[in-house]
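Here's the structure, in structure tokens; my notes come after.
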Amino acid sequence: MRENGSLGRVGFLIPTCLLLQVLLVLGNPTVSQNSSEEEKKSYRNYKVLRTQPVDNKDVLDKLMTFAGVEDISFWKYPVMNGSADIMASPDKVAFVEETFKDMGIEHMTVINDVEELFQGQNPDVDNEYNLKQNGGMSFTRYHRYNEIISYAKQQAARDGMVSYQSIGTSSEGREIGLVKISDGTGGNKPAIWMDGGIHAREWISPATVTYIMHKLITDNNYRDLVQNFDWYIVPIINVDGYEYTHTRDRLWRKTRRTNQGTHCVGTDPNRNWGFKWGGPGSSGDPCSEIYRGPKPFSEPETSAVANAVLARRNQIKMYLTFHSYSQLWLLPWSYTRQRPSDYSELQRLGLIGARALASTYGTRYRVGSAPEILYEAAGGSDDWAKGSAGIKYSYTLELRDTGTYGFALPASQITATGEETLRGVAATARALHKTLNTATG
């Protein structure tokens with residue numbers, strides 16, 4: 001999820017108990033930043049608490065003082081007229097609830113035991129029938145990095161319209177794979193770019209991107225999309241972080257590159273892009289979950305993807321990046337409340353996609369810019385795709401759900417999420433094809 005940053009110094013009195021907690025953790029604000037020798041982190045009896053919608057800026061600022069407090073983290077940051085989802089360890093729950101009471105904020109517990117959800121999120125064994133039907137890829141569980149990359153390579157070896165290439169390697173040496181789906185007609189065919197897995201803990205993102213890739217290759221109902229567009233797909237950008245969520249810390253978000261001069265590891269890859277880098281909603285603190293990195297494209301993962309996009313910038317007409325959670329179809333800009341001059345056109349296609357998505361299982365998405373329905377966040381890939389690469393139609397999709405499971409969305413929802421998202425993407429692509437033909441006709 002695209003997460004907001006701390007608000008810095010604010011003009012209010014912090015409750016004494018909260019101030020004490022902040023002071024206690026100033027020297028070590030994160031629990032598991034560096035951990036080559038640690039066991040897999042347990043979230044047993046961690047709870048996720050949801051506040052009532054906040055309509056007061058002072059209260060909003062006070063909530064933001066939780067940022068950086070050890071064993072407390074935001075799953076959904078507070079925004080004006082919106083609620084916040086805050087995860088707390090067993091020994092911090094009472095403290096958070098007491099602080100809510102001091103602020104006059106009502107709340108509810110939406111997840112009673114985070115670890116229990118994680119334990120039931122992903123089956124250990126594949127559904128064999130599903131594996132056979134889908135050419136070796138099951139959409140009944142979340143797959144590891146190697147499985148997803150192997151599947152992409154297998155498709156390229158089996159099908160003449162699929163090709164695979166490595167566009168770079170991560171800081172830990174993992175390959176970042178790019179799949180191209182094309183019917184081979186060549187010429188100046190327009191293209192659509194899709195990527196997933198920028199934030200490591202958002203497992204539904206790579207699963208959904210892989211599902212859409214699979215359907216574009218195998219399902220004749222979407223053959224027109226391959227006839228009208230070439231498709232460039234990166235299933236997982238943050239390959240190291242994604243693997244780390246499977247082996248060490250299920251809620252890891254950032255990359256895994258070592259930050260010089262600190263024990264804290266990783267950069268938020270969706271604050272690391274070179275358009276309006278360093279602006280609102282990012283942090284210069286290497287220990288922050290929204291650390292923007294020491295410079296734009298400091299991460300080999302973001303640099304590799306940016307170079308691959310730029311090499312095809314004249315062909316790519318739409319950029320789609322997938323996150324979770326919140327069920328949002330986000331339009332530029334994210335770094336500012338100012339709308340681009342073509343906002344109404346971007347909104348038109350976004351609404352077409354959101355309506356088609358909802359027609360599948362009734363899943364409702366809100367459509368709008370991040371500052372209007374979420375929050376400002378500078379240095380993201382969607383703003384860079386439009387602002388630097390010049391791709392007119394650039395969108396971020398925040399996938400299921402709205403917080404019942406959050407980052408622990410069960411694997412049983414992969415297929416439904418993939419189906420509805422594909423419907424939305426297909427409708428948007430078809431509308432784009434019509435628009436492009438009208439413009440050149």
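- Inspection of the S170 and D240 side chains reveals an N or O donor paired with an N or O acceptor under 3.5 Å.
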Yes or no on side chain to side chain contact (heavy atoms under 4.5 Å, CB included) for R400 and Y361, after CA distance, side-chain angles and deciding distance? CA-CA 12 Å; R400 290 190 185 189; Y361 293 109; 4.1 Å; yes
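- For the pair G274 and S388, the tightest heavy-atom approach, listed with the atom from each and the gap, is O-OG, 4.4 Å.
- At a threshold of 4.5 Å between non-hydrogen side-chain atoms, the residues E301 and V305 do not count as touching.
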Could you go through the side chain to side chain contact (heavy atoms under 4.5 Å, CB included) check for L432 and F229 one step at a time? CA-CA 10 Å; L432 175 59; F229 294 97; 4.0 Å; yes
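- Within the 4.5 Å cutoff, the side chain of V265 has no heavy atoms near those of the Y244 side chain.
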Could you go through Y291 and D285, starting from their C-alpha distance and side-chain angles, then the distance that decides it, and tell me whether this counts as side chain to side chain contact (heavy atoms under 4.5 Å, CB included)? CA-CA 6 Å; Y291 176 50; D285 177 5; 5.6 Å; no
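- Partners of R366 by salt bridge (Lys or Arg N to Asp or Glu O under 4.0 Å), not counting sequence neighbours: none found.
- Heavy-atom minimum distance, V367 versus A354: CG2-CB, 3.6 Å.
- Two residues are said to be in side-chain contact when any heavy atoms from C-beta on lie closer than 4.5 Å; T321 and T396 meet this criterion.
- Salt bridge absent: R292 and D268 never bring a charged side-chain N and a carboxylate O closer than 4.0 Å.
- Under the rule for a side-chain hydrogen bond (donor to acceptor under 3.5 Å, both in side chains), K317 has no partner lying at least two apart in sequence or in another chain.
- Between K189 and D183, at least one side-chain N (NZ, or NE/NH1/NH2) sits under 4.0 Å from a carboxylate O, which counts as a salt bridge.
- Counting heavy atoms from C-beta outward, R253 and I290 have side chains that approach closer than 4.5 Å.
- Using a 4.5 Å cut-off on side-chain heavy atoms (C-beta onward), H323 and I198 make contact.
- Proximity of a side-chain donor or acceptor of S359 to a complementary backbone N or O of A356 within less than 3.5 Å is detected.
- Aromatic ring pairs are classed by plane angle as parallel below 30°, tilted from 30° to 60° and perpendicular above 60°; the pair H214 and F139 is tilted.
- Between K276 and D383 there is no salt bridge, since no side-chain N of the basic residue sits under 4.0 Å from a carboxylate O of the acidic one.
- Ring pair W384/W273 is tilted by interplanar angle, where 30° to 60° counts as tilted.
- Using a 4.5 Å heavy-atom threshold, the side chains of P235 and Y151 count as separate.
- Remark: E372 engages R339 in a salt bridge, criterion side-chain N to carboxylate O under 4.0 Å.
- Remark: the T255 side chain and the E299 side chain contain an N/O donor-acceptor pair separated by less than 3.5 Å.
- Closest approach of Y164 and E175 over heavy atoms only: OH-OE2, 2.5 Å.
- Taking the six-membered ring where the residue is Trp, the centroids of Y325 and Y405 are separated by 6.0 Å or more.
- Classification of K254 and E289 as a salt-bridged pair fails, no side-chain N sitting under 4.0 Å from a carboxylate O.
- Between I414 and I204 the shortest side-chain heavy-atom distance falls below 4.5 Å.
- For the ring pair (Phe, Tyr, Trp, His ring centres under 6.0 Å) with Y142, the qualifying choice from W203, Y242, F407 is W203, the only one to do so.
- In this structure the side chain of K386 reaches within 4.5 angstrom of the side chain of P332, judged on heavy atoms.
- The main-chain N or O of L225 is found under 3.5 Å from a side-chain atom of W231 such that the two form a donor-acceptor pair.
- When each of L357, T208, T415 is tested with E420 by the rule side-chain contact (heavy atoms from CB on, under 4.5 Å), just one qualifies, namely L357.
- V425 and W329 make their closest contact through N-CH2, 4.4 Å (heavy atoms, listed as atom of the first residue, atom of the second, distance).
- Of the charged side-chain nitrogens involved, none lies within less than 4.0 Å of a carboxylate oxygen, so that K76 and E398 do not count as a salt-bridged pair.
- Between A389 and V309 the shortest heavy-atom distance is CB-CG1, 4.2 Å.
- Listed for the D382 side chain is no donor-acceptor partner under 3.5 Å among the backbone atoms of L331.
- Stacking of R312 on the aromatic ring of Y232 is recorded, both the 6.0 Å distance cut-off and the 45° axial limit being met.
- Taking the side-chain contact (heavy atoms from CB on, under 4.5 Å) definition, one finds that P53 meets it with nothing, sequence neighbours left out.
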